[in-house]
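See below for the structure under consideration.
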Amino acid sequence: MFRKLVSPLLVLLMACSMTTVMAEGTPITVTDMYEREITLEEPATRVVALSAADCEIICALGCEDALAGRGMYCDYPESIADVPAVQSGSETNIEEILALEPQIVIMSDMAQSEEQVKLLEDNGVKVVMTRNTDIEGAYDAIEMIGALLGRDAEAEAMVAGMRAAFEAIKANSEHAGKTVYFEVSPPEWGLYTAGTGTFMDEIAQMCGLTNAFADMEGWAFISEEQVLERNPDYIVSVSGMPDADMEIMEREGWGEVKAVVNGDVFNADADAFSRPGPRLKDAAESLYRFINDTDAQEEPAA
Amino acid sequence: MKTTDRFSRRGYALFVLALLAAMLLCICVGSVSIPLSNTLTALWNTLWRLPMPQGVSANIIVHVRLPRVLNVALVGASLSLCGAAMQGLLRNPLADGSTLGVSSGASLGAVIALVFGITIPGTDYGGVMLMAMAFAFGSLVLILTLAYALDRSLSTNSIILIGVIFSMFVSSAMSLLISMADEHVRSIAFWTMGSLSGTNFKQAALSAAALLICGSVLLRYARELNAFAIGEDNARHIGVNVRRVKLIILIVGSVMIGVCVSIGGTISFVGLVTPHMTRMIVGPNHRKLLPASLFSGAIFLLLADLVARTVLSPVELNIGVVTSLVGAVAFVAIFYRTRKAR
């Protein structure tokens with residue numbers, strides 16, 4: 001409890017100091033995740049963000065108004081639907097972005113080419129790259145985006161809140177040697193799972209679980225027999241399909257898997273689990289609640 | 001005369017034995033190693049519907065490996081039989097569902113059915129399967145019409161050229177669909193790469209039925225195919241109804257390819273490689289070649305799937321990766337030989 005109170009206070013203090021700095025009109029300089037330096041005279045007010053996670057961060061910082069455009073797949077929060085959508089990923093359309101006259105474009109290193117980045121910069125748009133492969137990376141992204149938007153305090157608070165939530169989960173979870181298997185896609189399309197070095201793996205560890213496929217690096221197609229053989233205690237579906245848990249419970253040949261026997265199959269919010277943004281906290285808490293059978297209202301006590 | 005013309009009993013027995021051996025091998029070996037005795041008990045009890053022993057290994061054998069092995073064998077047999085029949089019909093050693101672009105056409109049909117939610121009420125796979133068949137036939141007609149229009153002799157070069165062009169057209173149509181319907185991207189990747197993981201008994205029953213019906217039709221036309229092998233005119237002169245036979249073989253072939261694609265996606269080169277290997281063993285007579293291709297196709301695909309399942313275990317490869325690797329080499333070898341023969 002104590003920790004929960006302290007961090008907002010700290011943040012508030014920091015916020016006061018920050019705003020004074022801002023008021024003096026010092027230019028903002030950030031280093032993005034590709035070690036590129038970006039300098040702004042003042043906080044950005046017209047931003048295009050291509051990745052869903054970065055959009056979520058911007059909105060969670062209270063800067064939805066600063067969004068001049070969003071990538072096609074940015075769909076959270078719902079109100080974001082009113083923001084003009086642009087192509088992203090391998091279909092990134094530079095003209096479309098330039099037409100929105102943004103000051104900065106925030107993109108993750110998905111499929112944009114160096115030429116595209118250069119083209120944007122030649123047209124006077126500053127490009128900020130994010131690359132989030134772990135939760136620490138998500139913190140960095142939040143702080144960086146906070147700085148660009150002049151919301152350092154809010155960003156600090158958000159990160160502190162996430163840290164506190166994760167710490168609380170960790171403190172309340174015991175490593176009892178239970179295993180979890182994350183199902184990213186069902187056998188129909190080839191079983192696909194998340195190994196080490198993914199957010200899902202980090203969240204599992206937080207909750208005291210061991211990833212059944214900890215020997216895999218990143219994302220991998222795996223064989224169905226391996227899942228049955230490894231016999232996980234929990235199955236978390238992040239396929240984003242409705243009723244994925246029901247389908248797994250009734251899946252032919254899976255009836256003796258521990259998770260299925262005990263009904264420990266969880267249809268998780270795929271977006272929360274896979275987007276390196278503020279909702280990682282929700283993802284971790286939902287898994288914690290699921291394995292500890294607590295009510296939705298109850299939070300892990302700090 | 002008949003004994004040399006037909007497939008001898010001993011020949012059949014040998015192929016059946018080889019197929020059974022391959023199936024057994026594929027059931028016994030997998031990503032998870034299971035003691036042979038457990039495997040055989042599970043298999044025995046399934047065959048005679050005895051109560052199953054408890055435990056993971058029985059589940060793996062019965063619900064993962066057995067349906068998959070059946071599906072692989074049936075798809076392999078169907079694709080190979082189709083390939084052999086098409087090569088005979090078109091008198092072209094490189095004709096096959098994948099080189100002609102029929103398989104990619106079928107997968108486009110399947111993807112369209114998925115993206116636009118075309119289903120047949122009361123069936124699980126009906127819509128996808130029907131669209132795959134329709135598109136397989138449509139692409140075959142389109143490809144052959146184009147080929148005939150460009151070059152009446154239907155030479156190897158023009159067939160390959162048109163196959164390449166058509167496959168490119170299909171892949172761009174797929175990209176278009178992908179950008180229109182983002183939620184289906186993952187499943188679209190499945191159709192283009194091909195995999196038989198996660199297949200079930202229901203699908204095996206479907207492809208068994210297709211193979212039984214279409215296969216027996218194709219086998220009945222072995223004599224006509226022999227006549228075609230010498231030349232279309234020759235076939236006509238000895239009383240073959242050329243148009244009818246052609247149409248029937250093409251329709252039946254498209255149905256089989258459509259079923260295979262709707263179950264396993266595009267699995268390239270099976271129909272190209274195995275008839276050639278088989279021809280080396282049993283010779284060019286279609287009365288032997290067709291049934292032999294059926295078995296060797298099943299065996300080839302079983303072994304390819306075994307490699308896909310085990311070589312990087314616990315990671316699984318797409319079966320198309322393995323068949324394309326073998327197939328591309330064979331393709332070049334065959335192409336080289338046919339060019340040299342001229």
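Each chain gets a letter, A, B and so on, in the order the sequences are listed, and its residues count up from 1.
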Any donor-acceptor pair under 3.5 Å linking the side chain of B:N71 with the backbone of B:N200?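 Checked: pair present.
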Any donor-acceptor N/O pair, A:D269 side chain to A:D271 backbone, under 3.5 Å: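 Such a contact is found between A:D269 side chain and A:D271 backbone.
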Are [X] and [Y] close enough that a side-chain donor and a side-chain acceptor fall under 3.5 Å?
X	Y	value
A:D54	A:S51	yes
A:Y181	A:E183	yes
A:Q226	B:S31	yes
A:D201	A:T196	no

Do you know which of A:D215, A:V257, A:L228 has the most heavy-atom pairs with chain B at a distance under 4.5 angstrom?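 Most heavy-atom pairs within the cutoff with chain B belong to A:L228.
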Go through A:R251, A:E256, A:M216, A:E224 and name the one with the most non-hydrogen pairs under 4.5 angstrom from chain B.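 Sorted descending by pairs with chain B, the first entry is A:E256.
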Please look at B:V32 and chain A and tell me whether the side chain, the backbone, both or neither of the residue comes under 4.5 angstrom of a heavy atom of that chain.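 For B:V32, heavy atoms of backbone and side chain both lie under 4.5 Å from chain A.
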When rounded to the nearest 0.5 angstrom, what is the spacing between CZ in A:F221 and CG in A:L191?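 Result: 9.5 Å between the selected atoms.
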Quick check: under 4.5 Å, non-hydrogen atoms only, which of residues 164-172 of chain B neighbour chain A?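 At a heavy-atom separation under 4.5 Å, chain A is reached by no residue of residues 164-172 of chain B.
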I'd like to verify something: which residue of B:V315, B:T199, B:L312 has the highest number of heavy-atom pairs under 4.5 Å with chain A?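 The candidate making the most pairs under 4.5 Å is B:V315.
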Heavy-atom pairs under 4.5 Å with chain A are the metric here; pick the option from B:R309, B:R68, B:H63 that has the most.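 Most pairs with chain A among the choices: B:H63.
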Check the angle between the aromatic planes of A:F273 and A:F182 and answer parallel, tilted or perpendicular using the 30° and 60° thresholds.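 The arrangement is tilted - the two ring planes meet at 30° to 60°.
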